[in-house]
Amino acid sequence: MSFTLTPLEAEPAFDLELFMATSQETRINSETMERISGFWEQWRPHTRAVKIAAEDRTYLLAWLESQVEEAVDDTWEDAPSEAFFINALAQIMVMGLVHSLVPEAEDMGCAPAPRPTPILAAALAKAGVPYTEPNQPSLSRRYAVLTYFPLKGGCELCALVGGCPKAAGSGPQSIVLPGYE
């Protein structure tokens with residue numbers, strides 16, 4: 001099983017509109033912006049991205065380390081509304097990381113997940129973000145995205161299509177152009 005992992009440098013971009021939609025905030029005041037900035041700066045050193053080359057394909061794996069998950073989990077116990085807020089922030093932080101490396105994912109509105117293979121599973125395990133179950137596309141990190149790099153395809157290539165609202169017709173559809181399959 002041959003694969004390579006190449007660390008990528010990336011700065012997650014903060015998307016205010018995506019944060020407001022994800023957190024269900026309707027108004028962002030200065031106190032909220034300070035809270036956002038504080039968590040963003042605290043979590044920035046815990047962002048990771050690697051390029052995986054395996055089976056004549058390349059993939060992007062972007063994730064937040066376990067410290068972020070632990071911070072969110074610890075907050076759920078004491079302040080559920082705050083935990084909801086920072087959970088949304090972590091979600092958009094990992095998407096900001098993906099968008100900084102694959103801008104077309106932002107335009108497309110998703111990042112199709114590749115179907116699991118043994119070589120891809122080995123590469124993910126080596127990166128420290130294994131699949132949660134063999135032959136299932138769910139990753140062990142809560143704030144993680146695995147997609148094609150460069151981005152290609154859409155719903156027809158995505159391993160998550162069965163449970164995706166976009167694929168069920170409630171969002172824009174995509175097609176694969178010849179040469180991008």
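Note that these values count all heavy atoms, side chains included, but never hydrogens, waters or copies made by symmetry. Count residues from 1 along the sequence. These numbers were taken from a predicted model, which means no experiment stands behind them.
Checked against side chain to side chain contact (heavy atoms under 4.5 Å, CB included), Asn29 has the following partners two or more places apart in sequence or in another chain: Arg27, Glu31, Thr32. For Glu65, the side chain to side chain contact (heavy atoms under 4.5 Å, CB included) test picks out His46, Arg48, Trp63, Gln67, with sequence neighbours left out. Every residue meeting the side chain to side chain contact (heavy atoms under 4.5 Å, CB included) condition with Thr132, not counting sequence neighbours, appears here in chain and number order: Ser138, Ser140.
Side-chain contact between Ser37 and Phe14 is absent, with no heavy atoms from C-beta onward closer than 4.5 Å. For the pair Lys51/Leu60, no side-chain contact is recorded, criterion being any heavy-atom separation below 4.5 Å from C-beta on. Looking at heavy atoms from C-beta onward, Pro12 lies in side-chain contact with Arg44 at the 4.5 angstrom threshold. Between Leu89 and Tyr143, the closest side-chain pair of non-hydrogen atoms is not below 4.5 Å. Taking 4.5 Å as the limit, some side-chain heavy atom of Val145 sits within range of a side-chain heavy atom of Met95. Between Ile52 and Thr6, every side-chain heavy-atom pair lies at or beyond the 4.5 Å cut-off.
Within the structure, ring pair (Phe, Tyr, Trp, His ring centres under 6.0 Å) contacts touching residues 73-118 (residues at least two apart or in different chains) are Phe19-Phe85. Residues in residues 14-23 take part in no side chain to side chain donor-acceptor pair (under 3.5 Å) pair, two or more places apart or across chains.
Atom CG of Asp73 sits in a crowded spot, with more than 12 heavy atoms from other residues, nucleotides or ligands closer than 6.0 Å.
In terms of heavy-atom proximity, Asn135 sits nearest to Pro116 at C-CG, 3.9 Å. Taking both residues in full, the closest heavy atoms of Leu101 and Glu9 are given as CD2-O, 4.1 Å, listed atom of the first, atom of the second, then distance. For Tyr59 against Phe149, the heavy-atom pair with the smallest separation is C-CB, 3.4 Å. Considering every non-hydrogen atom in both Pro112 and Tyr148, the closest pair reads O-CD1, 3.7 Å. Scanning both residues, Ala71 and Trp43, for their nearest heavy atoms gives CB-NE1, 4.2 Å.
Of the possible donor and acceptor atoms, none in the side chain of Thr75 sits under 3.5 Å from a partner among the backbone N and O of Glu82. Proximity of a side-chain donor or acceptor of Glu69 to a complementary backbone N or O of Arg142 within less than 3.5 Å is detected.
Taking CD1 of Ile36 as the start and CD of Glu25 as the end, the distance is 7.5 Å to the nearest 0.5 Å. Atom CD1 of residue Ile86 and atom CE of residue Met93 lie 12.0 Å apart, to the nearest 0.5 angstrom. Atom-to-atom distance recorded for Leu61:CG and Thr147:OG1 is 10.5 Å, nearest 0.5 angstrom.
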Using the side chain to side chain contact (heavy atoms under 4.5 Å, CB included) rule, take Leu64 and Arg141 through it: C-alpha gap first, then chi angles, then the decisive distance, then the call.
CA-CA 8 Å; Leu64 305 182; Arg141 294 266 59 93; over 6 Å; no

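Hydrophobic clustering keeps Leu97 apart from Phe39 (ILVMFWY residues linked when any side-chain heavy atoms are closer than 4.5 Å, directly or through intermediates).
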Can I get a per-line list of side-chain donor-acceptor pairs under 3.5 Å for residues 118-127, giving both atom names and the distance, sequence neighbours left out?
none

